[in-house]
Amino acid sequence: MADAIVEISHVYTSFGPQAIHEDIDLRIDKGEILGLVGGSGSGKTTLVREMIGLDQPTSGTVTLFGERLDQIEPDRLARLRQRCGVLFQGGALFSALTVYENIAFPLREYRALDRRLINDLVYMKLAAVGLDADVARRLPAELSGGMTKRVALARALALEPELLFLDEPTSGLDPVTAQAFVHHLKNLHRELGFTAVVITHDLDLMHDLCTSLAILADRRIVALGKPAKVAHDSHPYVVAMFSGERGLRVFGGLAS
């Protein structure tokens, strides 16, 4: 059996009287790319924050890299987080820093590396996401949307994380740029073997990148499994998402 990177067991989450999650169970295995899908307010981001210990569920347990997050010291939790990378929805690049400085930031912050090695790693990460070396001198304001996503991905990969979180990685991109970005992600996953959790509404990304999907609705995971199986689930939210014209085009020819 594959190694579990994240295990969520009987998680309930409430903010005051408002219940967000009710009895969530989820296991993410090493090398898996899980698409986390749900409507606005379904608790996707909250669940991801619980996976890395930024939030604590009201009850239940979250285990990361084999360690229960409610039973470890803050310094140990900080070390576990260093094994994770995050690609934020808008890129979240530091606007006053160059591309080079953005990618170098986590290397300087969390690794005792000399200047020459940091320099080599920055240009290696740029090449890995398909960007030329001269992009390193630019400021974020000088980048296109697709380039911003790639630079943000390079920064997320700077520490060579075992677990990568991506929040709507193709949002705001035109179809051609989105397809190219997903292609780079697939290649990087094949080369580096990281595990990933992807918050997304992009049906093409679910089909082309994700090895499994978890659908959040009604405060629960209502469908879980391989994309071809989940796309044919009978839950009303799943039916509404996948039965439209685009959903039928992307998933309609697959066997349930």
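Computation of the quantities below employed the complete heavy-atom set of this structure, encompassing side-chain atoms and omitting hydrogens, waters and symmetry-equivalent molecules. Small disclaimer: the values here were computed from a predicted structure and weren't measured.
- What you find for E67 and L80 is that their closest heavy atoms are OE2-CD2, 3.9 Å.
- Relative to the six-membered ring of F94, R155 meets both conditions, a distance below 6.0 Å and an angle of at most 45° to the axis.
- Annotation: side chain of E7 is not in contact with side chain of L26 (no heavy-atom distance under 4.5 Å).
- Within the 4.5 Å cutoff, side-chain heavy atoms of S212 are placed close to those of E32.
- Shortest non-hydrogen contact noted between G39 and Y237 is N-OH, 3.0 Å.
- Across G85 and P161, no two heavy atoms sit closer than the pair N-CB, 3.4 Å.
- Residues E73 and R79 have side chains not in contact (no heavy-atom distance under 4.5 Å, counting atoms from C-beta outward).
- Contact of the I215 side chain with the I221 side chain is not registered, since no non-hydrogen atoms from C-beta on lie closer than 4.5 Å.
- For the pair L143 and V99, the minimum side-chain heavy-atom distance is below 4.5 Å.
- Side-chain atoms of S14 do not come within 3.5 Å of backbone N or O of G16 as any donor-acceptor pair.
- Nearest heavy-atom pair, C84 versus I52, reported as atom, atom and distance to 0.1 Å: SG-CG2, 4.0 Å.
- Annotation: the span from S95 atom OG to N102 atom CG amounts to 9.0 Å, rounded to 0.5 Å.
- Here the CG-NZ distance, from L185 to K149, works out to 10.5 Å after rounding to the nearest 0.5 Å.
- Side-chain N/O atoms of D208 and H183 include no donor and acceptor closer than 3.5 Å.
- By the ring pair (Phe, Tyr, Trp, His ring centres under 6.0 Å) test, Y100 is found to be paired with Y123, residues two or more places apart in sequence or in another chain being considered.
- With no hydrogens or angles considered, no side-chain donor-acceptor pair links T195 and E162 at under 3.5 Å.
- Shown here for V62 and P57, the closest heavy-atom pair between the two residues is CG2-CG, 4.2 Å.
- Taking D70 as the reference, R68 meet the salt bridge (Lys or Arg N to Asp or Glu O under 4.0 Å) condition, with sequence neighbours excluded.
- N119 and R116 form no side-chain donor-acceptor contact under 3.5 Å, judged by distance and modelled atom types alone.
- In this structure, the side chains of L224 and V230 stay at 4.5 Å or more apart for every pair of heavy atoms.
- Put simply, the side chain of T13 reaches to within 4.5 Å of the side chain of T46, judged on heavy atoms.
- Contact annotation: the side chain of I103 approaches that of L126 to within less than 4.5 Å [non-hydrogen atoms, C-beta and beyond].
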